[in-house]
Amino acid sequence: MSLPIEDYALISDCFTGALVGRDGSVDWLCLPRYDSQSMFGALLGTEDHGRWLLAPTDPTATTTRRYEGDTMILVTRWTTADGEVEVTDAMPMGDGRADLIRRVRGVRGSVRMRQDLRIRFDYASAIPWVRKDTSVHPPALIAVAGPNAIVVRGSTLRATDHSHTGEFTVDAGETIDLSLTWFRSHRDTPEPLDIESALQRTRAWWTEWAEGCSHEGPYRDEVVRSLLLLRALTHLQTGGIVAAATTSLPEAFGGERNWDYRYVWLRDASLTISVLIGHGYTDYVDHWRDWLLRAVAGDPADVQIMYGLSGERDLAERDITSLPGYQGASPVRIGNGASTQFQADVIGEVMLALDHGRANGVEETRFSWALQRALMGYLETHWRDPDHGIWEIRGEPRFFTHSRVLVWAAFDRAVQAVEVHGLDGPVDRWRLLRDEVRADVEANGFDAERQSYVQYFGSDEVDASLLQLAQVGYCDWDDPRMLGTVSAIESDLLRQDLVLRYRTEAGVDGLPPGEHPFLACSFWLVEQYARSGREADARRLMDRVVGLSNDVGMLSEEYDVEGRSQAGNTPQALTHLALVRAADAIAEMVGGPAT
């Protein structure tokens with residue numbers, strides 16, 4: 001059975017990523033991209049759905065693990081009765097290949113290690129044809145199924161009932177290198193990797209990137225690790241940013257809230273870009289704008305709320321039966337039906353990110369501003385339509401207050417683009433529409449009795465997304481209406497100090513009720529506390545939520561307070577970017593530089 005979600009750590013080459021368990025097993029790996037079919041799928045099933053275990057034979061062995069400095073190289077130290085070894089897991093940067101390295105180094109004494117390699121292509125539906133290349137020593141293992149092939153090098157493995165196992169001994173001072181390389185099955189087998197050179201290059205690449213972080217103040221280590229994870233989720237060539245590395249990790253264990261997050265949400269990607277800009281990484285704006293231009297293409301009327309990593313549009317959702325689900329939670333979903341939804345807020349998030357870029361000196365191109373004008377034209381036509389909202393409800397579309405406010409933000413940033421940055425556009429019309437949207441929100445999205453904004457027009461429910469109203473500049477952090485909304489959220493949505501997205505019992509999302517607190521929302525409340533002068537509350541809640549990170553600083557989507565475990569897809573970009581924003585707010589609260 002798969003491990004608790006917090007027992008996994010991500011390694012990445014900025015094309016894809018592998019989840020390595022505390023037990024030494026690679027239980028999730030899709031090659032060559034995050035949204036490719038899985039080759040190791042034990043995360044959503046058992047070892048028979050694909051894994052690569054590397055661990056001591058001693059069942060009493062204990063582990064500690066860490067990332068090597070500010071990198072995405074994972075180091076696991078195993079201690080047994082007879083000695084200690086370190087296993088370094090990495091996906092090399094910059095060689096244009098898809099490799100996974102597992103280096104075993106003897107630290108003390110002598111440790112007997114074992115491997116269990118189970119290769120299952122195409123979401124565990126394809127057992128490969130496996131052969132040995134005996135022209136090298138030890139023999140390499142080559143596995144082929146349809147278009148996919150891998151070569152595994154470094155130690156002798158023997159076939160046992162659709163798995164390959166082997167053992168070897170590592171003494172103090174000795175190093176044994178194992179590697180796995182993916183390639184297209186109609187191509188020649190790739191040459192062996194120079195592992196020492198690859199590790200040095202990868203270490204230098206990540207370290208140099210992390211040195212560009214401009215954050216100073218409390219929680220710096222957590223900020224840097226979050227930024228590294230956000231970079232890992234960003235495709236090195238296309239610029240697409242996936243929402244998470246996984247699919248179908250349950251929001252409610254045993255329930256059906258299992259979604260595929262290995263795609264590029266305009267919202268999450270835009271928020272990520274804003275966070276990167278705020279920490280000195282302004283070069284990502286051009287890459288993201290180019291991706292956006294390719295994805296949206298010729299007709300903004302066809303804009304989607306999410307795309308594939310290269311801008312693919314067909315993300316049809318389907319259930320697969322070849323993987324039984326994380327600890328039995330089904331269905332396992334591939335694709336995402338929300339890709340066809342209308343979510344009125346997403347253009348607002350895009351405009352906010354690009355405005356942030358302009359404010360930080362990123363110049364518009366003829367094409368980038370033309371794209372934004374086209375998106376505004378689409379919004380002018382559709383802003384009055386009900387939508388599915390930030391949480392992608394599967395129920396009836398509504399006039400969600402958060403969505404309306406992000407429509408306001410889109411028009412506001414379009415106005416500023418003309419008034420502040422001298423770009424051309426129908427600014428008088430945008431001003432009128434901005435004012436009309438605000439009047440609509442104030443008339444229909446505010447409950448005078450509760451003194452709070454509401455989840456959707458006509459409702460008396462609140463929603464954690466309302467914490468973003470001050471973030472986008474719709475109102476001041478200490479505006480009485482904002483403070484009333486915070487009070488209502490504290491009353492209705494706090495569970496053991498953590499914040500629910502909304503009350504699922506209200507039935508707004510069209511799904512069975514029940515989910516856990518949403519970690520990004522909890523960080524949003526930290527930011528609200530910090531920027532409205534509640535310093536003690538901000539620090540207390542920040543420590544509470546940061547404390548839910550696993551041993552290597554990773555956070556998923558939600559947290560099960562009763563089961564004391566992470567829930568939902570991991571690592572979650574929205575969670576980590578919200579952590580960075582919250583840390584920035586606390587840093588500014590105590591007198592640090594503004595971001």
| said: Using a strict threshold of under 4.0 Å (side-chain N to carboxylate O), is an ion pair present between R358 and D355? | reply: yes
| task | For the residue pair Y261 and W265, categorise the inter-ring angle as parallel (less than 30°), tilted (30 to 60°) or perpendicular (more than 60°). | result | perpendicular
| message | Can you tell whether the side chains of E515 and R495 come within less than 4.0 Å, N to carboxylate O? | response | no
| Hey, are R318 and D260 close enough for a salt bridge, meaning a charged N less than 4.0 Å from a carboxylate O? | no
| message | Looking at D35 and R33, is any side-chain nitrogen of the basic one under 4.0 Å from a carboxylate oxygen of the acidic one? | response | yes
| task | May I ask you to decide if G337's main-chain N or O and E317's side chain share a donor-acceptor pair within less than 3.5 Å? | result | yes
| field | D424 bridged to R373 by N-O distance under 4.0 Å | value | yes
| Side chain of R413, backbone of A353: donor and acceptor closer than 3.5 Å? | no
| Taking NZ, NE, NH1 and NH2 as the nitrogens, is one of them in R434 or D412 under 4.0 Å from a carboxylate oxygen of the other? | yes
| query | Ion pair present between R398 and E461, side-chain N to carboxylate O less than 4.0 angstrom? | reply | no
| Going through the distances and angles, do N360 and T282 end up as a side-chain hydrogen bond (donor to acceptor under 3.5 Å, both in side chains)? | CA-CA 7 Å; N360 282 272; T282 55; over 6 Å; no
| query | Does Q566 reach the main-chain N or O of E557 with its side chain, forming a donor-acceptor pair under 3.5 Å? | reply | no
| query | Taking the inter-plane angle between the rings of W383 and F411 on a 0 to 90° scale, is it parallel (under 30°), tilted (30 to 60°) or perpendicular (over 60°)? | reply | perpendicular
| query | Angle class for the W391/Y502 ring planes (parallel below 30°, perpendicular above 60°, tilted otherwise)? | reply | tilted
| request: Mark yes or no for whether Q372, through its side chain, and S368, through its backbone, hold a donor-acceptor pair below 3.5 Å. | output: yes
| query | So do T365 and R289 actually touch side chain to side chain, heavy atoms under 4.5 Å? | reply | yes
| request: Would you confirm whether S12, through its side chain, and C14, through its main-chain N or O, come within 3.5 Å as a donor-acceptor pair? | output: yes
| request: Assign the ring pair F400 / Y456 to parallel, tilted or perpendicular, where the plane angle (0 to 90°) is split at 30° and 60°. | output: perpendicular
| Parallel, tilted or perpendicular: which fits the ring planes of Y378 and H382, with parallel below 30° and perpendicular above 60°? | tilted
